[in-house]
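Heavy atoms only: backbone and side chains are in, while hydrogens, waters and symmetry mates are out. First listed ligand is number 1; within each ligand, the first listed atom is number 1.
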Amino acid sequence: MVKHPKPLVEIAGTGRYLPERVLTNEDLEKMVETSDQWIRDRTGIRERRIARDDEGAADMAERAARAAMAKAGVEPGEIDILILATATPDRWLPSTACDLQALLGAGNAMAFDLAAACSGWLYGLTMAEGYLVAGRGEIALVVGTEKMSSIVNWEDRATCILFGDGAGAAVLRRATGERGILSSHHKSDGTLGNLLYRPAGGAVIPMSPEVLEKRDHLMKMSGREVFKNAVRSMADAADQALQQAGLTGDDIDLLIPHQANMRIINATAKYTGIPMEKVYVNVDRYGNMSSAAIPVALDEAQEEGLVGPGSLILLVAFGAGFTWSGMTIRL
Ligand code: ACO
């Protein structure tokens, strides 16, 4: 068992931003050969949000971050560390985290991007936790922000139905009491990277007319393999996080799984023995927002009064890499 660091690190405020534009399954029926029925049966998704052309990951992150800071009562200048998890940075250089820092005026922070796909926000919480527990700073801002619509191949019906855009954020600080992150488990398996990836557009195969023509800069996915690994890894992550905290599924007030697909969510709930009434679901409204999915769900769940101060939550993620994470938090 991994001994958890003391003092605990708590979530002082959360925020979210969802772009206004809604893309429904009916809209997708006009774009690719698919049907609302097929998409709902296989994924549970009804609609997703799509960012404006001029709206990037940093812009969405700013909206989510400002909401989180307002709830936490924290000013931009107080942030010591700003971690931005994304698979869709606005540009390769500089980091989107630095762009966000400039937008916020968080001039006292160190800022960097974190690339762990859908698990990125949970990875980021643990990085921030370590920094704060080590006494390197007082306040952390961890954001998950994704413009998935910019890397989706809108002609590939197997992937374009799955994803949406959005951002979620949390402000973290050292706790004085018993509230905070109780346990966390993170893993990666780089040998399975090519099951969900973008073949080109990086340093090895840079962007070229040929890459654009073949759409090799866009996301490719082996759906069935991803599905199997997601179910297995999310079960492992949930197990490890619960065990580390000395908890069982019965103790959990709310499970917030990564919102990729209703069938993966159902399987994770079943494995942990947590009834569906205690599982947060918004994949029907937003699709898969990668690193933004869990912070958006956490913010909504609090706003809806499903959880509040003292509630025990279990967060579980899985994403490209592969990467996976489990975490328990007393809010
Ligand atoms: N509409 C209609 N038919 C479709 C569509 C569509 N949008 N997409 C695929 N099909 C067809 C296929 O062409 C195939 O037809 P065929 O039998 O004639 O060849 C048939 O449906 C079955 O295709 P599969 O890919 O085997 O369908 P599956 O049941 O595996 O469902 C899905 C596909 C929904 C993508 C599933 O594999 C899945 O959810 N995988 C996980 C993917 C995921 O969540 N990735 C996100 C990133 S990782 C993460 O966040 C967890």
Side-chain angles (χ1 to χ4, degrees), residues 23-48 85-88 115-123 144-149 151-166 168 186-190 192-198 218-238 255-269 271 279 281-284 286-297 315-326:
L23 184 73
T24 64
N25 291 350
E26 287 74 16
D27 295 329
L28 282 164
E29 285 176 355
K30 296 177 197 129
M31 296 162 63
V32 288
E33 203 183 324
T34 190
S35 68
D36 171 51
Q37 189 71 44
W38 192 97
I39 300 171
R40 277 193 285 117
D41 288 351
R42 303 284 174 124
T43 70
I45 300 167
R46 288 187 289 113
E47 58 187 43
R48 65 290 289 143
T86 192
T88 55
C118 308
S119 311
W121 192 72
L122 291 185
Y123 271 48
T145 180
E146 304 285 5
K147 189 171 179 176
M148 299 303 287
S149 58
I151 61 165
V152 157
N153 180 351
W154 290 103
E155 291 175 5
D156 175 15
R157 67 177 182 173
T159 52
C160 74
I161 57 153
L162 298 172
F163 297 94
D165 301 336
H186 304 281
K187 290 275 290 198
S188 317
D189 183 352
L192 301 174
N194 284 357
L195 294 176
L196 179 50
Y197 73 129
R198 294 169 68 191
L218 301 175
M219 200 172 12
K220 295 202 192 311
M221 181 180 75
S222 308
R224 288 217 168 156
E225 290 306 312
V226 172
F227 187 92
K228 276 189 266 175
N229 279 281
V231 170
R232 192 181 314 133
S233 302
M234 283 170 74
D236 169 57
L255 165 64
I256 303 182
H258 175 50
Q259 307 283 318
N261 176 314
M262 206 51 222
R263 290 185 296 153
I264 300 175
I265 293 173
N266 284 331
T268 307
Y271 182 85
V279 181
V281 175
N282 63 13
V283 69
D284 53 326
Y286 304 138
N288 182 348
M289 297 185 290
S290 189
S291 69
I294 291 181
V296 166
L315 312 175
V316 189
F318 174 83
F322 289 140
T323 60
W324 59 101
S325 296

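Ranking the protein heavy atoms by distance from atom 14 (C) of ligand 1 puts Arg157 NH2, 4.7 Å first. For atom 10 (N) of ligand 1, the nearest protein heavy atom (residue, atom name, distance) is Trp38 CZ2, 3.4 Å.
Below 3.5 Å of separation, one finds an N or O of Thr34 facing an N or O of ligand 1. The shortest N or O to N or O distance between Ile39 and ligand 1 is not below 3.5 Å.
Distance check on atom 16 (P) of ligand 1: every protein heavy atom falls at or beyond the 4.0 Å cut-off. Proximity of atom 50 (O) of ligand 1 to the protein is indicated by at least one non-hydrogen atom lying closer than 4.0 angstrom. Distance screen at 4.0 Å: atom 21 (O) of ligand 1 has a protein heavy-atom neighbour inside the cut-off. Distance screen at 4.0 Å: atom 32 (C) of ligand 1 has no protein heavy-atom neighbour inside the cut-off.
Distance check, rounded to the nearest 0.5 Å: NE2 of His258 to OG of Ser325 gives 11.0 Å.
By the neighbour-count criterion of 12 heavy atoms within 6.0 Å, atom NZ of Lys220 is densely surrounded, having more than that number from other residues, nucleotides or ligands.
Taking every heavy atom of Asn288 and a limit of under 4.0 angstrom, the matching atoms of ligand 1 come to 46 (C), 47 (C), 49 (C), 50 (O).
The backbone N or O of Ser149 sits less than 3.5 Å from a side-chain atom of Trp154, completing a donor-acceptor pair.
Among the candidates Asn25, Asp284, Thr24, the single residue satisfying the side chain to side chain donor-acceptor pair (under 3.5 Å) test with Arg48 is Asn25.
Put simply, part of Leu196 is less than 4.0 Å from ligand 1, judged by heavy atoms.
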